Amino acid sequence: MKKSGSSDSKSLPAKQKVTKVVSSSFKKTTKKSKKVTKKSKYSKSTKMLPSSGEGQKWNTLVHNGVIFPPPYKPHGVKMLYKGKPVDLTPQQEEVATMFAVMLDTDYAKKDKFIENFMNDWRKILGRNHVIQKFNDCDFSPIYEWHQNEKEKKKQMSTEEKKALKEEKLKLEEKYMWAVVDGVKEKVGNFRVEPPGLFRGRGEHPKMGKLKRRIRPNDITINIGKNAPIPECPIPGESWKEVRHDNTVTWLAFWNDPINPKEFKYVFLAASSSLKGQSDKEKYEKARMLKDYIQGIRAAYTKDFVSKDITKRQIAVATYLIDKLALRAGNEKDDDEADTVGCCTLKVENVKCRPPNKLEFDFLGKDSIRYNNVVEVEIPVYKAIGQFQTGKGESDDLFDKLDTSKLNAHLKELMPGLTAKVFRTYNASITLDEMLSRDTKDGNVGEKVVVYQHANKEVAIICNHQRTISKSHAAQMSRLTEKIDELKGILDGLKTDLSRARKGKPPLKDADGKQKRNLTPEALERKIAQTDAKIEKMERDKNTKEDLKTVALGTSKINYLDPRISVAWCKRHEVPIEKIFNKSLLAKFAWAMDVDPSFRF
DNA sequence: AAGCGGACTTAGTACTATTCGA
DNA sequence: TCGAATAGTACTAAGTCCGCTT
């Protein structure tokens with residue numbers, strides 16, 4: 001019964017199913033959607049049974065393993081060394097080409113990148129190779145060749161492109177799906193990562209190192225006991241290991257060639273019910289924090305002045321995580337980019353600005369800068385000052401603290417509470433409150449703007465950033481130009497209007513041609529239209545400038561409880577498709593039947 | 001309680017597909 | 001209808017946190 005129930009809801013193509021559920025449940029009576037909620041709760045709870053058994057994640061698991069990138073195809077284009085063409089073996093050429101195709105990126109200009117690349121390349125060139133120094137290398141012939149190849153691809157007809165795509169799809173089709181407890185689910189990343197030069201973010205000490213090719217012998221497969229073991233797609237080679245571990249969700253993994261202590265996993269796609277279930281649990285935990293947050297805030301406020309320095313540090317750290325949505329901040333190795341989170345903040349990352357402001361300036365995850373001046377309670381301000389006294393700039397601000405101590409403390413306050421829950425909580429509660437406060441009667445477009453505004457607020461809280469697009473400045477000035485042009489037209493119309501009112505004909509236009517003689521009423525209408533157009537363009541221009549460094553997607557995908565959005569859409573008759581794209585609809589299938597009255 | 005292996009979520013960017021506006 | 005702008009997807013790096021061992 002369980003199986004038929006769940007496969008029923010899953011075997012349909014997600015796309016159709018989701019939109020159907022949405023559009024039918026919208027506008028309909030709440031009675032109906034309540035029924036749906038109950039039903040799904042029932043089927044979910046029966047489905048939970050297998051997973052509730054001691055960390056068990058599945059009963060049966062069937063899949064076809066992973067697909068490997070094609071072997072390297074030598075192009076034979078010779079790079080130059082000291083101005084002369086060099087013969088390279090295919091293997092040597094492959095690595096040279098990896099660098100050549102990056103010639104127009106910032107990476108190729110960084111000393112560290114070049115150094116690491118040269119070290120690994122030289123190993124493949126061999127000790128006595130003619131190529132010795134980077135500065136004598138000229139990769140441009142290979143670069144030109146690559147540009148040419150790209151251009152050729154672009155010039156292909158639509159039919160040719162389509163055929164190529166279909167061919168690829170055919171080849172990959174069988175790897176795209178897994179069957180988990182009898183339900184067909186999409187696999188997330190079934191393609192093994194191709195070899196390349198490591199592109200670490202920020203000042204990563206390993207940037208430019210060769211990420212070697214992964215072979216079947218590097219890969220461990222996880223699959224159901226009774227399922228057929230996936231055939232190794234490379235003839236003559238075999239998997240490293242086959243496991244049957246149903247306490248984990250990965251289908252395969254290999255050791256990261258850049259950092260062999262770490263793993264690269266193949267998981268199910270975000271649309272799978274396994275992922276959906278844990279996503280829901282994440283938000284339920286964040287909602288639980290709602291009931292504890294008052295007490296937690298009261299407790300840490302009290303501990304700002306605790307005589308126990310560890311307690312004081314825990315209190316201040318928790319405050320920062322809560323108020324500023326900082327990440328926990330685990331320790332990092334020397335062979336990683338130098339970034340910090342809350343627990344790893346250095347003295348130099350926080351400056352006291354009298355009387356009670358703090359300026360934060362540090363590189364966080366992905367080396368994204370966090371720079372923010374905030375007013376804090378006096379006791380926090382004082383405590384930070386105390387933590388800093390007698391320390392050097394690069395010393396830990398919270399010397400008595402690390403993430404495990406902090407999380408251990410949080411767990412005493414609420415079951416399962418960890419630092420990251422605060423980010424989820426604050427993001428989702430902000431969306432919920434802003435939506436309910438700011439949504440006014442109006443058309444769908446206006447409501448969507450309210451949503452986007454709330455989304456932006458959350459993105460700023462979480463410091464989700466993006467790089468300014470290369471064409472941003474040009475786009476802005478083009479907008480300004482257009483606005484000016486419209487303003488010119490507006491002036492002309494106004495002149496014409498006053499002349500028309502006096503019964504005079506309009507002035508000649510810029511080209512000296514006679515304009516049509518319009519009635520004052522028609523002119524007034526035109527003026528109003530142009531005015532509205534200008535206003536809209538200026539609004540668009542402002543939001544564009546506002547959002548040039550803000551990434552809205554990350555919070556939507558990871559921090560905002562989708563049920564808030566779905567329920568809001570239902571309440572305000574906004575089609576959910578205006579808020580969630582196809583992949584988000586699939587990812588959030590579990591949230592679609594939420595009651596319209598749902599609040600976070 | 002430190003340290004580490006392990007598993008999972010979160011993140012920005014590069015590339016592609018689709019939509020928009022002259 | 002075309003190229004530019006925008007939206008969507010693929011990719012994989014970089015975090016968090018758990019639980020086991022020493």
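Scope of the values below: all heavy atoms of this structure, side chains included, with no hydrogens, waters or symmetry mates. Nothing here was measured: the structure is a model prediction, and the numbers come from that model. Throughout, a chain's letter reflects where its sequence line sits, starting with A, and its residues are numbered from 1.
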(request) Can you tell me which stems DNA chain C forms, taking runs of 3 or more consecutive Watson-Crick or G-U pairs with both distances under 3.5 Å? (result) B:1-22 with C:1-22

(message) I want to confirm an ordering. Mapping A/Val248 and A/Tyr283 to their closest nucleotides on DNA chain B, which one lands closer to the 5' end?
(response) A/Val248

(request) Under 4.0 Å from any atom of DNA chain B, heavy atoms only: list the residues of residues 414-423 of chain A that qualify, in numerical order. (result) A/Lys420, A/Arg423

(request) Specify the residue among A/Phe580 and A/Lys411 whose closest nucleotide of DNA chain C lies further upstream toward the 5′ end. (result) A/Phe580

(message) Going by the rule salt bridge (charged side-chain N to carboxylate O under 4.0 Å, His left out), which residues pair with A/Lys264 if we only count those two or more places apart in sequence or in a different chain?
(response) A/Glu193

(request) Pull out every residue in residues 361-371 of chain A that has a heavy atom closer than 4.0 Å to any atom of DNA chain B, ordered by number, or say none. (result) A/Lys365, A/Asp366, A/Ile368

Which pairs of donor and acceptor atoms, one on a side chain in residues 319-328 of chain A, lie under 3.5 Å apart (sequence neighbours left out)?
unit_1	atom_1	unit_2	atom_2	d
A/Tyr319	OH	A/Glu377	OE2	3.0
A/Asp322	OD1	A/Arg297	NH2	3.1
A/Asp322	OD1	A/Asn426	ND2	3.1
A/Asp322	OD2	A/Arg297	NE	2.7
A/Asp322	OD2	A/Arg297	NH2	3.4
A/Asp322	OD2	A/Tyr300	OH	2.6
A/Lys323	NZ	A/Glu375	O	3.4

(message) Taking any atom closer than 4.0 angstrom to a non-hydrogen atom of chain A, what span of DNA chain C does the protein reach, first nucleotide to last?
(response) C/dA4 to C/dC18

(request) Mark yes when over 12 heavy atoms from residues, nucleotides or ligands other than A/Lys332 sit less than 6.0 Å from its NZ; otherwise mark no. (result) yes

(message) I'd like to check the side-chain contact (heavy atoms from CB on, under 4.5 Å) partners of A/Asn148; sequence neighbours left out, ordered by chain and number.
(response) A/Lys152

Return the polar atom pairs (N/O with N/O) between nucleotides 3-5 of chain B and the protein under 3.5 Å, or none.
none

(request) Kindly write out the residues that satisfy salt bridge (charged side-chain N to carboxylate O under 4.0 Å, His left out) with A/Glu151, not counting sequence neighbours, or none if the list is empty. (result) A/Lys154

(request) Tell me, please, which residues at least two apart from A/Glu457 pass side-chain hydrogen bond (donor to acceptor under 3.5 Å, both in side chains). (result) none

Output one line per pair: protein atom, nucleotide atom from nucleotides 17-19 of chain B, and distance, for all N/O pairs under 3.5 Å.
unit_1	atom_1	unit_2	atom_2	d
B/dA17	OP1	A/Lys165	NZ	3.1

(request) Would you mind telling me which residue lines up with the more 5' stretch of DNA chain C, A/Asn581 or A/Gly200, judged by nearest nucleotide? (result) A/Asn581

(message) Can you tell me if A/Ser278 touches the phosphate of B/dC8, counting only side-chain N or O atoms and a distance under 4.0 Å to OP1 or OP2?
(response) no

(message) Tell me whether A/Lys209 contacts the main-chain N or O of A/Phe117 through its side chain, where contact means a donor paired with an acceptor under 3.5 Å.
(response) no

(request) State which residues pass ring pair (Phe, Tyr, Trp, His ring centres under 6.0 Å) with A/His63; sequence neighbours excluded, sorted by chain then number. (result) none

(message) Please determine whether the number of non-hydrogen atoms from other residues, nucleotides or ligands lying under 6.0 Å from atom CG of A/Asp338 exceeds 12.
(response) no

(request) Report the nucleotide, chosen from B/dG12, B/dA7, B/dT9, that has the shortest atom-to-atom distance to any side-chain atom of A/Lys282. (result) B/dT9

(request) For the pair A/Asp432 (side chain) and A/Phe600 (backbone), establish whether a donor and an acceptor sit closer than 3.5 Å, ignoring hydrogens and angles. (result) yes

